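Here the structure is laid out as structure tokens; the discussion comes afterwards.
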Amino acid sequence: MISIKHLSKTFHNPDGSVITVLKDVNCDIEKGEVISIIGPSGTGKSTLLRALNMLEPPTSGEIWVDSENIMARGYKLDKMRRKMGMVFQNFNLFEHMTVLENITYVPVRLLNKTPQEASAEGMELLKKVGLAQKADVYPESLSGGQKQRVAIARALAMHPEVILFDEPTSALDPTMVGEVLSVIRQLAKDGMTMLIVTHEMRFARDVSTRIFFMNEGIIYEDGTPEQIFEHPKRSATKAFVNRIQKLVYEIDDDSFDYLQIQTGLNQFFIKYNIPEKADVAYTIIKEMLFEQLSDIRPLTLRITHADLSGETALDFMAEGLTESPLPHNDAVQDIRSRVKAIVEEPTTRGFRIKIILN
Ligand code: ADP
Ligand code: MG
């Protein structure tokens, strides 16, 4: 359905510098595929989507859609735009139109629908994304998750053959990520062809038929979710999918700033979308630093989170110890009952207590 051949994109910046963002992108996309595009930021994921629908005309290469080269002179871009819907990180709703008008505006103008037809269909689509009761309000009164669901309904109103999503949940408060992902999941079940740039590794693994790992301006590796996440062939892919987010504090003496740690933790749990783990983490860290391990200084506190497995752990590391400093008492027993596991193990330089959260 879509075939991309040797696509490249070079930007010439006003300061004279030149940057080649897409080097040589090649791929074929079949109807019904759900492809997640993952990769480090700055590797051209957004540029690829924008090049694909000619929002950012490529420098060279070919893009074939339904056996027509859309980069060929004379090709009518409107035709392609009707086939490709796009959902942006920042929703891009028309703020001066109601929710329903946002959805009906383009179909009435471009698909020659009567306002009545477009409204009836718009209401069906709003029902589908769970927002029928919001038809007559303006976007400003909606939450981010609701705005993004309207944006999806608006894309669907054009009956696209494929929808391109550019980090549809990145601008959302963590509590609203789920409602948007579940709408996308439903579209996948309905057989909609989709290309989704996302940082949500577990979502990508669950929903996709194929994964593109983009790196250095090319599709560096592609395969089924199983291949890319469980058996990546190339080391950069492996490093990316298994990456672990870390936050580290050195606790040298008792003048350390607990409030600063708490603020840092807060940002960490929000950034990686695990706010539900924050409370238990604070309680445990406080208990360990001030009570159970209060004699152990210096102490390194490390919080880790693995995107793909979803495992979050609190490590307390002390140099020079050969035995676990963790006492056996009721308080520790209580912590044990609230977490998945406590692992006590020697390291090359000392001893580590790893508390793996549920
Ligand atoms: P990703 O979506 O993977 O994070 P992007 O496609 O947004 O990456 O950007 C890739 C690179 O291209 C970045 O270095 C970015 O600064 C550069 N870039 C993107 N758009 C433009 C533009 N319009 N002009 C100049 N440079 C750009
Ligand atoms: Mg991007």
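Throughout, numbering of the chain's residues begins at 1 and tracks the sequence. This one's a predicted model, so the numbers in the text were calculated from it and none came from an experiment. Counting starts at 1 for both ligands and their atoms, in listed order.
Shortest contact from atom 9 (O) of ligand 1 to any protein heavy atom: Thr47 OG1, 3.8 Å. The protein atom (non-hydrogen) at minimum distance from atom 8 (O) of ligand 1 is Gly44 N, 3.2 Å. Distance from atom 18 (N) of ligand 1 to its nearest protein heavy atom, with residue and atom name: Phe11 CE1, 3.6 Å. For atom 7 (O) of ligand 1, the closest non-hydrogen atom of the protein is Ser46 CB, 3.7 Å.
Using a 4.0 Å cut-off between charged side-chain N and carboxylate O, Arg149 and Glu179 make a salt bridge. Ionic pairing of Arg50 and Glu56 is present here: one or more N-O contacts between side-chain nitrogen and carboxylate oxygen are shorter than 4.0 angstrom.
The protein does not reach atom 15 (C) of ligand 1 closely, with no heavy atom under 4.0 angstrom from it.
Close contacts of ligand 1 with Ile19, meaning ligand atoms under 4.0 Å from a residue heavy atom, involve 14 (O). Listed by atom number, the atoms of ligand 1 under 4.0 Å from Asn13 heavy atoms are 24 (N), 25 (C), 26 (N). Short contacts between ligand 1 and Ser41, defined as distances under 4.0 Å to a heavy atom of the residue, involve ligand atoms 4 (O).
Contact of the Ile335 side chain with the Met288 side chain is registered, since non-hydrogen atoms from C-beta on lie closer than 4.5 Å.
Polar contact with ligand 1: present for Thr43 (N/O pair, distance under 3.5 Å). Among the atoms of Gly42, some N or O lies under 3.5 angstrom from an N or O of ligand 1.
At a cut-off of 2.8 Å, Ser41 does not coordinate the Mg ion (ligand 2) through any N, O or S atom.
Ring pair Phe256/Phe290: centre-to-centre distance below 6.0 Å.
Judged purely by distance below 3.5 Å, without hydrogens or angles, the side chains of Asn266 and Gln262 never pair a donor atom with an acceptor atom. In summary, the side chains of Thr104 and Ser119 do not present any donor paired with an acceptor at a separation below 3.5 Å, with no hydrogens or angles considered. Asn90 and Asn92 share no donor-acceptor pair across their side chains, judged by distance under 3.5 Å alone. Checking Thr47 against Lys9 by side-chain atom types alone, no donor-acceptor pair falls below 3.5 Å.
Using a 4.0 Å cut-off between heavy atoms, Val21 contacts ligand 1 through its side chain alone, with no backbone atom that close.
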